[in-house]
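Below: one structure, written as structure tokens.
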Amino acid sequence: SPAALAAAASRKYYAYYVSLELDGKAAGLLLSAEGGEPVLRLPDDRTAMPPTVSYEPILLRLADMTAAIYDWIDKASKNTAGPRAMSLVAATQDLKESYRLDVQGARLTEITLDALSATSKDLARFNLKVAPAASQHRYGASTVTKTALTKQQGLGAGNFRLYIQGLESLAPRIRSV
């Protein structure tokens, strides 16, 4: 369709919902996602090596999450997470899938959390950086998605406890990180 061609040319996609699937199951909603495009690497003139393809890292800003994402983060922080199949699904307001980025061999390479403050009433948001082994774009399936739209219990930016070995007496006085 002309809209899909225009989106592909500009590499910008707009949707009412963008959800994350892990291993084919709905895992939560995203505030934003970018990256995952293939990058062709040409050899220098001195070698007879063929060109290679790598993929841009994918940057995810998470909104509502299921236990599957917390589990993935936990395993990645312990270096026990293997590669996962992951999909980013853009959907319309009536949950019809308009675009999908399927990712094979997704590995978490970076996990960041918004600033924490004891006086904050906001939810803390996770940002993930994912290294894909491969990715594939698909447009306009127009099927109803498996988007996880249930409101999850969020992690409050003011709900934290800091522990630094040797400085236990100072920890209760810390108001922001």
Could you pull out the closest heavy-atom pair between [X] and [Y], with the gap in Å?
X: Y55; Y: P132; result: CB-CG, 3.6 Å
X: V53; Y: P38; result: CG1-CB, 4.0 Å
X: R107; Y: P83; result: NH2-CD, 3.2 Å
X: L108; Y: A76; result: CD1-CB, 3.6 Å
X: T66; Y: G28; result: CG2-N, 4.3 Å

Taking atom [atom1] of [X] and atom [atom2] of [Y], what is their separation to the nearest 0.5 Å?
X: Q104; Y: Q136; atom1: CD; atom2: CD; value: 6.5 Å
X: L30; Y: R125; atom1: CG; atom2: CZ; value: 11.0 Å
X: M86; Y: D23; atom1: CE; atom2: CG; value: 11.0 Å

Contact check, side chains of L29 and L20, non-hydrogen atoms, under 4.5 Å: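 With C-beta onward as the side chain, the pair stays apart.
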N127 side chain vs R61 backbone, donor-acceptor pair below 3.5 Å: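 Looks like no, no N/O pair under 3.5 Å.
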Donor-acceptor pair, side chain of S87 and main chain of D102, under 3.5 angstrom: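 No: the side chain of S87 does not pair with the backbone of D102.
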ILVMFWY cluster, L31 and L62 together (side-chain gap under 4.5 Å):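 No, separate clusters.
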Aromatic plane relationship, Y99 with H137 - under 30° parallel, 30 to 60° tilted, over 60° perpendicular: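 The arrangement is tilted - the two ring planes meet at 30° to 60°.
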Candidate list L88, T109, L128, test side chain to side chain contact (heavy atoms under 4.5 Å, CB included), partner I58, passing option: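 Among the candidates, only L88 passes.
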